[in-house]
Every structure is written in structure tokens, then in C-alpha cells.
Number of protein chains: 2
Amino acid sequence: MQKRILIVEDESSIRDMVAFALRKSDMEPMAAADAREAQLAVAATVPDLILLDWMLPGMSGLELARRLRRETLTAEVPIIMLTARGEEMDRVAGLEAGVDDYVVKPFSTRELIARIKAVLRRSHGDDGSGVIELGGLKIDGPAHRVHVGADTVPIGPTEYRLLHFFMTHAERVYSRAQLLDHVWGGSVYVEERTVDVHIRRLRQTLQPWKLDGLIQTVRGAGYRFSANV
Amino acid sequence: MQKRILIVEDESSIRDMVAFALRKSDMEPMAAADAREAQLAVAATVPDLILLDWMLPGMSGLELARRLRRETLTAEVPIIMLTARGEEMDRVAGLEAGVDDYVVKPFSTRELIARIKAVLRRSHGDDGSGVIELGGLKIDGPAHRVHVGADTVPIGPTEYRLLHFFMTHAERVYSRAQLLDHVWGGSVYVEERTVDVHIRRLRQTLQPWKLDGLIQTVRGAGYRFSANV
DNA sequence: GGTTTTGGTTACGGTTGCGTGACAACCATC
DNA sequence: GATGGTTGTCACGCAACCGTAACCAAAACC
């Protein structure tokens, strides 16, 4: 199925170049020159992924990312930020805003496409309906439910958010701090070890179906949801 | 390992400027003023990267790019096009011809060098997604994983950091002190011989796949990761 | 051939990171 | 205000990991 990619960038030459590369890779480009156009575009058609320039006229890309994350419509749409060299220090702020990846300018279209595919692959199994199936586990976003085959898994709110984040960001390691940012939200302060406890609880709720191995510990780095082996 | 860069450009002042910048960045410049000279130069010595002016006397840079792509000798050599401002509409044609990147005149040598390095990095197994493949070994940064074919290599934290550093800095010798700086971080003090032990451990974890030879000892100097025999 | 230097290998004590169980605080519902 | 469920924190214990020293093997030097 064809993916829709929204590119928010005020420099038209970059927009054109990216749009062409996207079409060539069987993706459908949508374009916006600033934050306002972006919000209009999103309201009309929800894209599968958003490319966001760090510097935009009016509102910064970062601020736009935050707003998009707050809108229920676009809260789950992955975001890749385009940053100029030297702006790399702000990655932390981006992570808090829920940015999925960064591409540093100058980039070649080939590189950009590779990243886009990587991010889309991560949320694999998401057919647009908000239902993701991975490793024998099915999470239903709209219904707020988790299934294994015909069974429904009883799961608490925090565990659910944690699992949902993992399943939309599979095959990638997240530190406790990053998980706190994404699942708890950057504003509240809780101990990092709290993550451990919730990981444990999540594993426990998955145990009856022998699926606790899906959540893996990477010593010294964090945790990873992986459907492979 | 020194890289050879062929610059095809009829304006001699630009040729000289670029050649100077290349030498300063430890790259070897080759020069050609038109398509004919370029083809002769390529036949004599295949460069690692080609800088191609959009406007050339006789044959256009674009047409030359297409021809180079068809030749088996140069089909894999990355190409960066130099275009004057206003020629941007034709980027699409360049991308179709297999051009890797663009630099718009006037450009700073710093920017040009940055682009060259980015493209070269990519041609060495690093596509920017954080996954590097070298010598049969694949290291996945985001997933914090090491693969050999379909297998996953079990690896500890320090070994992983060491291997990651080596794979992002292949074909170059690093002293124990430098490795301590880069892998352990400059702040902590540990004995230099500790590096030896971790090299040993890393070799041991790679042994089951007969890949321990990738890490070579350079007596009196340090260690080197090399994918070339 | 013997000595010195350099790196390989092994074993071990100490540390750290993570899993686990318990518990108090909080919240919603009745 | 009682009950059941959920959440954040802490303390304990284990297993993995790390750094060091000591010893062995191999070059390099004389």
C-alpha cells in the first residue's frame, strides 16, 4: 500500500527534490511550506509520516512537532526532523517532543529514503487503521485493547501505553529516560527505575501467552521490543 | 586510506580551488576540463568519487553522468553534480541518471568537503540509518545489535561500544590510549592493558563465525579493524 | 642464543545493573 | 469511608560484567 509522506520545508528546491525521490520509491508526497499549511494538509489527509524542517518561518519545526503530537489525529504519525549541521545539540529537545529520527543536511535523497523506510518498517503491521500486529501480539489503538489470537489481554493503562509505544517503535533500543519521555511525558518527574518495574509488570501480563520474551533487556542501554527471535 | 576524487569542470579557477581543498582534507584530486578528458582519466585510474559540472563544453554533465553509469568500471562510483543557481529544475533529470548529490554554486569548500565525506561514508556500508555492514559483519546502532547473516551475535556493553567504534573508523590504526579516549571516554582512568583484554574478548565473541581476524594487531602501534583480508 | 619488549591469555575480586517482591500512596467506584 | 485496582519507590539479591595483575608466548633487539 502506498504511503503518504508530508514534507514541511520552506525551501522549494528541497521540497521538489524530495517529492521526486518519494514518487520514485512508490510513496505519495504531500508538501507544505510552513506550519499553517502543514496543519491544513494534515486536517485534509492524515499522512503516514511527516518530514519536518527544523527551521520554519513563523513557528519552529520543533514547536510544530509538539503540537502535532498533542492532536489525537496525528499523535501516532512518525516524525523525521531535517536539521542543518550544528543544530545537533538539540536532539534531546526533539526526543522530548516525540521525534522519531533525524536527518542532518546535507543529505542525499537516497539516504533520506533509507531513513523513511526504516521508520515505516518500525511501525510495521500498521495498516492505517491503528491496529498493529507484531510477534503474535495484536494491539488495537482505537479500541484500546490487546489481543493474542482470540484472547484479550487484561492490561493496565500505563502498561498499555508502554506496550503501544514499543509496538510502534519495534526493533530499537530505548533508554529509561527516553521511555519516560515518550510514555510518561516529559513534564512529570519519576525515578528511572520505575521503568524497570513497569517492564516487569508488562512482561508478567504477557507471560501466560509466553510472549514476555518480546521485551528484551539491553544491559547498559535500555529495553527493546523485538519480534525476531 | 586516501581517496581519489575526479573533478570535471572547465573553469580552471574552480578546479584549482577544489583541488586545494581536497588535498587539505587528505584526498587526492584528479582533474579534467571536459567529457573527453574525464573519460580518459577514468580509464587510466578509477576514482572513488566524481565531481561533475552541469555545464561542460561539448557534452553536458548530465549526459556524461549517464554514460559513466552505463560503464561497468564506473557504474558504482558516486557522482556529485555542481550546478549554478537557477538550474534547480533539472535536479530530477540528474536523480534519474543516478546522481548521488548536488552542490549549488557558489559553494564554500567546507560545504563541498562535507558533502563528499557524507557520500563516501555512504558508499562504505553506512547509509545514514545507523546500520553499518563491513566484512560480513553488520552492526545495527538503533537496535543495538550485531549480526552475521541471519545470526545475532551475543555481545556485552563494552565489547559493543568497541566494535561500534571500530566499524565506524575502519582501516585505521588506533593506539590503546586513543581507544580508551573514544570508547571509555576521556574522564575515567583505566590501565592501557585493559584494552588488550577487551580486544581479546571481542575476538572471542566473533570467533564462532571466524571473524576474529577482522581485528588486527599492529605491533608497537595499536589495533585496527579491517575488512580487507 | 639470550635478553628485552610487546602482546595474548587466564583467573579473580569488586562493582554495577537489573529483576523481583513488598509496600504505601493514590484514585475511582460503590 | 470501604474496597479493589493502579502507581511510584525502595531494599534485597543475584548474575553479568569490568579492571587488574600475573603469567605465558612471540617478536625484536643485541
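Just so we're clear, the structure is a prediction, and the values are computed from it rather than from any experiment. We use all heavy atoms of the structure for the numbers below, so side chains are in, but hydrogens, waters and symmetry mates are not. In the text below, chain A, chain B and the rest are named by the order of the sequence lines, each starting its count at 1.
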Query raised in the report: When the C1' atoms of the five terminal pairs at each end define the local axes, what inter-axis angle does the helix from dG1(C)-dC30(D) to dC30(C)-dG1(D) show, to 10 degrees?
Result: 30°

Query raised in the report: Closer than 4.0 Å, any side-chain N/O of Tyr189(B) to the OP1 or OP2 of dT20(D)?
Result: no

**Report entry** Euclidean distance, atom CD of residue Glu191(B) to atom C1' of dG7(C) [Å, nearest integer]
**Finding:** 15 Å

Query raised in the report: Which residue pairs pass the side-chain hydrogen bond (donor to acceptor under 3.5 Å, both in side chains) test when at least one of the two sits in residues 28-47 of chain A, sequence neighbours left out?
Result: none

Report summary line: Here the pair of heavy atoms bringing Ala38(A) nearest to Leu6(A) is O-CD2, 4.2 Å

Report summary line: Leu162(B) atom CG is separated from dG19(D) atom P, nearest whole Å, by 11 Å

Query raised in the report: Pairs in or reaching into residues 192-207 of chain A: which pass salt bridge (Lys or Arg N to Asp or Glu O under 4.0 Å), with residues at least two apart or in two chains?
Result: Arg176(A)-Asp196(A), Arg193(A)-Asp196(A)

Query raised in the report: Rounded to whole angstrom units, what separation is found between the CD atom of Glu192(A) and the C1' atom of dG17(C)?
Result: 12 Å

Requested in this report: Would you classify Thr217(A) as touching base, sugar-phosphate or nothing, given that sugar-phosphate means primed atoms plus P, OP1 and OP2, and contacts are heavy atoms under 4.0 Å?
Outcome: sugar-phosphate

Query raised in the report: Counting just side-chain N and O atoms, does Tyr160(A) come under 4.0 Å of either OP1 or OP2 of dT6(D)?
Result: no

Report task. Treat primed atoms plus P, OP1 and OP2 as sugar-phosphate and everything else as base, then score nucleotides 22-30 of chain D 5' to 3': B for base contact with protein heavy atoms under 4.0 Å, S for sugar-phosphate contact only, - for none. Result -> ----BS---

Query raised in the report: Which residue pairs pass the ring-ring contact (aromatic ring centres under 6.0 Å, His included) test when at least one of the two sits in residues 179-210 of chain B, sequence neighbours left out?
Result: Phe165(B)-His182(B), Trp184(B)-His198(B)

Query raised in the report: Side chains of Leu211(A) and Leu214(A): closer than 4.5 Å at any heavy-atom pair?
Result: yes

Query - Among dG19(C), dG7(C), dC18(D), the nucleotide that comes nearest once only the side chain of Thr158(B) is considered - result: dC18(D)

**Report entry** dC18(D) OP1/OP2 closer than 4.0 Å to side-chain N/O of Trp184(B)
**Finding:** no

Query raised in the report: What are the residues of residues 195-208 of chain A, sorted by number, that bring a heavy atom to within less than 4.0 Å of DNA chain D?
Result: Val197(A), His198(A), Arg201(A)

Report summary line: Rounded to whole Å, CD1 of Ile215(A) lies from C1' of dC18(C) at a distance of 15 Å

